[in-house]
Amino acid sequence: MRESGPHDLVDVTNRENLETVVDEYDIDTIYHMAAILSAAGEKNPWLAWDVNMNGTYNVLEVSREKGVTRLFVPSSIAVFGPETPRENTPQDTVLKPRTMYGLTKVSGELLCNYYYERFGLDVRGVRYPGIISYKTPPGGGTTDYAIEIFHEALKRKDYTCFLREDSTLPMMYMPDCIKSTLDLMDADLEALIHHADFNLAAISFSPKELADEIRKHIPELAVKYEPDSRQAIADSWPKTIDDSAAREEWGWRPGYDLAAMTEDMLRNLRTQYE
Ligand code: SER
């Protein structure tokens with residue numbers, strides 16, 4: 001990344017810092033990916049509020065003020081809560097999350113849509129499911145068991161999962177995550193009815209289903225299940241998502257299923273451990 005172009009560090013909670021960097025590099029498009037995720041946000045709700053709310057507000061304000069032409073602000077399946085239908089969760093439905101992360105994401109979606117309606121700022125976003133990557137290590141998410149298990153399977157052939165074996169959650173492999181982000185950012189504005197709150201889906205599976213898939217490659221893998229406080233978060237999120245708005249408005253189609261993702265993850269991670 002650092003070799004691919006100019007590189008600088010920005011603190012999203014510092015508005016002047018953002019303004020300076022947008023001016024210095026004459027930035028016209030922003031992907032605002034900084035956030036404190038669900039489990040990390042329950043450990044430090046004050047930091048989650050500051051980074052997720054004030055950070056997003058600063059990015060929106062600086063974008064409006066500096067005439068940024070297009071802005072991406074991701075949301076998450078964490079916007080849903082226990083009252084939301086958990087199967088094939090609709091695009092427009094009950095949004096009453098119980099985590100600090102979730103409530104900052106609902107507010108972020110509303111704020112982004114407000115900036116589009118009120119100021120004409122072209123801000124777009126999707127509700128990411130759990131993202132699985134061989135490059136990015138687990139980072140405080142409830143869905144991060146699905147990354148940890150690959151590392152432990154290769155290192156020790158043994159993993160203790162912090163969710164129950166039947167906790168089905170919506171997930172997505174990183175190449176699909178990047179493709180969805182770029183596809184939405186490339187879409188014609190006129191074709192969009194929604195803006196910063198698209199449901200997005202690829203694969204849904206439980207820890208047991210993932211372990212069984214990994215065992216096709218590493219048969220000795222042993223998995224224990226010891227649910228902790230993250231189980232309550234997982235239980236409040238959907239199992240499957242209806243992403244027909246994304247499919248209709250900007251042609252979203254995922255490329256990886258569970259088998260293809262598992263094979264690719266193991267192939268790439270093996271080189272780190274061998
Ligand atoms: N991966 C995120 C989390 O678990 C969900 O957006 O917090």
Side-chain angles (χ1 to χ4, degrees), residues 31-53 55-56 72-82 84 86 89 91 93 95-109 112 124-151 161-164 167-178 180-181 184 196-207 210 227-243 246 254 256 258 261 265:
Y31 292 78
H32 166 47
M33 310 307 271
I36 303 295
L37 298 187
S38 58
E42 291 315 293
K43 286 201 185 119
N44 191 343
W46 306 274
L47 180 69
W49 176 272
D50 193 27
V51 172
N52 301 358
M53 286 311 309
T56 299
F72 183 81
V73 180
S75 184
S76 160
I77 52 166
V79 294
F80 304 117
T84 311
R86 297 188 69 201
T89 301
Q91 172 68 45
T93 186
L95 302 179
K96 289 175 68 181
R98 300 297 198 276
T99 60
M100 179 57 91
Y101 176 59
L103 78 88
T104 62
K105 285 294 173 188
V106 175
S107 314
E109 286 183 358
C112 289
R124 306 175 181 200
V126 292
R127 293 168 175 157
Y128 283 142
I131 305 297
I132 299 165
S133 160
Y134 60 85
K135 286 191 183 161
T136 310
T142 303
T143 55
D144 282 356
Y145 87 83
I147 305 174
E148 287 175 3
I149 192 172
F150 281 100
H151 290 269
C161 182
F162 56 77
L163 296 182
R164 269 195 331 265
S167 301
T168 300
L169 288 168
M171 300 276 185
M172 177 176 281
Y173 194 31
M174 185 61 97
D176 272 340
C177 171
I178 294 170
S180 70
T181 306
L184 174 57
D197 55 4
F198 280 100
N199 274 7
L200 188 69
I203 10 173
S204 280
F205 55 78
S206 66
L210 178 57
D228 64 15
S229 59
R230 289 167 279 192
Q231 184 65 52
I233 300 178
D235 288 341
S236 75
W237 289 352
K239 294 173 190 282
T240 55
I241 302 278
D242 173 6
D243 63 356
Y256 283 83
L258 178 58
M261 176 202 72
M265 277 292 283

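Atoms within a ligand are numbered from 1 in the order they appear, just like the ligands themselves. Owing to the predicted nature of the structure, the values given are computational and were not obtained by experimental measurement.
Each of the following atoms of ligand 1 lies closer than 4.0 Å to a heavy atom of Thr142: 3 (C), 4 (O), 7 (O). When each atom of ligand 1 is checked for a heavy atom of Leu37 under 4.0 Å away, the hits are 7 (O). Applying the 4.0 Å criterion to heavy atoms of Ser38 picks out, from ligand 1, the atoms 3 (C), 4 (O), 7 (O).
In this structure, the side chain of Asn52 engages the main chain of Ile36 through a donor-acceptor pair within 3.5 Å. The main-chain N or O of Arg164 is found under 3.5 Å from a side-chain atom of Gln231 such that the two form a donor-acceptor pair. Between the side chain of Lys239 and the backbone N or O of Thr89, no donor-acceptor pair lies under 3.5 Å. A donor-acceptor distance shorter than 3.5 angstrom exists from the side chain of Arg127 to the backbone of Gln91, with no hydrogens or angles considered.
By the criterion of a heavy-atom distance under 4.0 Å, the side chain of Trp237, and not its backbone, is placed next to ligand 1. When non-hydrogen atoms are compared, ligand 1 lies under 4.0 Å from neither the backbone nor the side chain of Ala78.
One option in Ser75, Ser76, Ala35 has a heavy atom closer to atom 5 (C) of ligand 1 than any other, and that option is Ser76.
A side-chain donor-acceptor contact under 3.5 Å links Thr181 and Tyr128. No side-chain N or O of Thr99 forms a donor-acceptor pair with one of Ser38 less than 3.5 Å apart.
The shortest N or O to N or O distance between Tyr101 and ligand 1 is under 3.5 Å.
Closest protein heavy atom to atom 2 (C) of ligand 1: Thr143 OG1, 3.9 Å.
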